[in-house]
Amino acid sequence: MKEKELRRSLAVLPIGTVMKLTDLSARQIRYYEEQELVIPERNEGNRRMYSLNDIDKLLEIKDYLADGYNMASIKKVYAQKAAEEERRREKMAQSLSDDAVRKILRNDFVNAGGLNRHSKPSIRNNRTL
DNA sequence: TTTCTAACA
DNA sequence: TGTTAGAA
């Protein structure tokens, strides 16, 4: 379920193809880039290369525009979406940290127990772990 | 031929 | 946004 996302992120489409796929003008597509809504990659010749995800985003923008949204409001929509993603990532990192801590504590406990069987019982205090 | 940047009747 | 000029 991750291989697919990678392919969708591959920038392989030139602006000409994107124009046909989205029915947007090159002028519009480049303008949306100026507005930082869709940032395509650049190939060796400085030509914009878009991914399937970019196509979807452009179509989304097109829909918003059709619904009467202006650039400012569309920007805000994506700004909020980006903020939510950031919070999600923070929580992810947090839970991973917690899990890592538990593993470390568990290892310490096991090691402490093993050592106690063959050495001095000087770390009996660690039983609280 | 296609795309890029920059500018404007 | 459209269109165009001159360069890659």
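A note on names: the letters A, B, ... follow the listed sequences, proteins ahead of strands, and every chain is numbered from 1. Values below: every heavy atom of this structure, side chains too, minus hydrogens, waters and symmetry copies.
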Taking only the side-chain nitrogens and oxygens of [X], find out if one of them lies under 4.0 Å from OP1 or OP2 of [N].
X: A:Y32; N: C:dT1; value: yes
X: A:S25; N: C:dG2; value: yes
X: A:R27; N: C:dT3; value: no

Nearest-nucleotide wise, let me know which of A:Q28 and A:G45 is further upstream toward the 5' end of DNA chain C.
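That would be A:Q28.
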
Contact nearer the 5' end of DNA chain C, comparing A:L65 with A:R47
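By nearest-heavy-atom nucleotide position, the 5'-most residue is A:L65.
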
In this structure, would A:V12 and A:L21 fall into the same cluster of hydrophobic residues linked by side-chain contacts under 4.5 Å?
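In one cluster with A:V12: A:L21, yes.
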
Between C:dT1, B:dT3, B:dC4, which one does the side chain of A:P14 approach most closely?
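From the listed options, B:dT3 comes nearest.
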
Could you check how far [atom1] of [X] sits from [atom2] of [N], rounded to whole Å?
X: A:E44; N: B:dT3; atom1: CD; atom2: P; result: 14 Å
X: A:N70; N: C:dT1; atom1: CG; atom2: P; result: 11 Å
X: A:R30; N: B:dA7; atom1: CZ; atom2: P; result: 15 Å
X: A:L24; N: C:dT1; atom1: CG; atom2: P; result: 8 Å
X: A:Y31; N: B:dA6; atom1: OH; atom2: C1'; result: 16 Å
X: A:M19; N: C:dG2; atom1: CE; atom2: P; result: 9 Å
X: A:E34; N: B:dA7; atom1: CD; atom2: P; result: 12 Å
X: A:N46; N: C:dA8; atom1: CG; atom2: P; result: 12 Å

A:G16 near the nucleic acid: base, sugar-phosphate alone, or nothing, with a heavy-atom cut-off under 4.0 Å?
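Sugar-phosphate, backbone atoms only, no base.
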
What's the shortest heavy-atom distance between A:E5 and A:N53, and which atoms?
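Shortest heavy-atom contact: O-ND2, 4.3 Å.
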
Residue pair A:K62 / A:D23, side-chain heavy-atom distance below 4.5 Å:
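They are in side-chain contact.
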
Heavy atoms, side chains only, cut-off 4.5 Å: are A:D54 and A:V18 in contact?
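They are not in contact (no side-chain heavy atoms under 4.5 Å apart), so the answer is no.
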
Donor on one side chain, acceptor on other, A:E60 and A:Y78, under 3.5 Å
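Yes, because at least one side-chain N or O of A:E60 sits under 3.5 Å from a partner of the opposite role on A:Y78.
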
In this structure, are over 12 heavy atoms from other groups packed under 6.0 Å from A:R7 atom CZ?
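Counting neighbours around CZ of A:R7, 12 or fewer heavy atoms of other residues, nucleotides or ligands fall under 6.0 Å, so no.
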
When Watson-Crick pairs (N1 to N3 and N6-O4 or O6-N4) and G-U wobble pairs (N1-O2 and O6-N3) count only below 3.5 Å on both distances, what is the dot-bracket string of DNA chain B, with | for other-strand pairs?
.|||||||.

Got a salt bridge between A:E85 and A:R88, using NZ or NE/NH1/NH2 to carboxylate O under 4.0 Å?
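Looking at A:E85 and A:R88, the cut-off is met.
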
